Amino acid sequence: MELSQAQARVDGWVREHGGYWDRFHILARLSEELGEVAGALQREQGLRPRQSSADLGEEVGDLLFTLIAFANANGLALDACLGKVLEKIEIRDGEAWKAKER
Ligand SMILES: [Mg+2]
């Protein structure tokens, strides 16, 4: 699935379920979902005393869904955002990272 398709699909879901929250509310939710990814990874690695059935992939999916909703609410095209960062890391920063390889 292309990022633009994912954005359209999330947009459809959000609009059918009450519309977009305030952008800062979505940002807060994004932070919450990132914390849940950290918790799932800790459980997967046995770093949490309480056992539970956290699913890292599911939590990453929650984070991605929320990031897409955040992009939509801010009028951002994720294909363009990702294209820019890939160009930056592949071209501008490529040599810098190579120099740090051991
Ligand atoms: Mg979650």
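Please read these numbers as outputs of a predicted model, since none were measured by experiment. Every number for a ligand or one of its atoms is a count from 1 in the order of the listing. These values consider heavy atoms only, across backbone and side chains, with no hydrogens, waters or symmetry-generated copies.
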Q) So what does the Asp62 OD2 - the Mg ion (ligand 1) - Glu33 OE1 angle come to, to 10°? A)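 With the Mg ion (ligand 1) as the vertex, OD2 (Asp62) and OE1 (Glu33) sit 110° apart.
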(Q) Can you tell me if Glu87 has over 12 outside heavy atoms packed within less than 6.0 Å of its CD? (A)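 Counting neighbours around CD of Glu87, 12 or fewer heavy atoms of other residues, nucleotides or ligands fall under 6.0 Å, so no.
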Q) Which distance, rounded to the nearest 0.5 Å, do you find between the CZ of Arg48 and the CG of Leu41? A) 10.0 Å
(Q) Quick check on the Mg ion (ligand 1): does Glu58 put an N/O/S atom closer than 2.8 Å to it? (A) no
Q. Is Glu36 close enough to the Mg ion (ligand 1) to have an N, O or S atom under 2.8 Å?
A. yes
**Q.** Donor-acceptor contact below 3.5 Å, side chain Gln7 vs main chain Leu76
**A.**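 Indeed, once roles are kept as given, a pair shorter than 3.5 Å links the two residues.
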Q: Taking all heavy atoms of Ala69 and all of Tyr20, pick out the closest pair and write down the distance.
A: O-CE2, 3.5 Å
(Q) Restricting to N, O or S, what is the name of the atom of Glu59 that lies nearest the Mg ion (ligand 1)? (A)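 Result: OE1.
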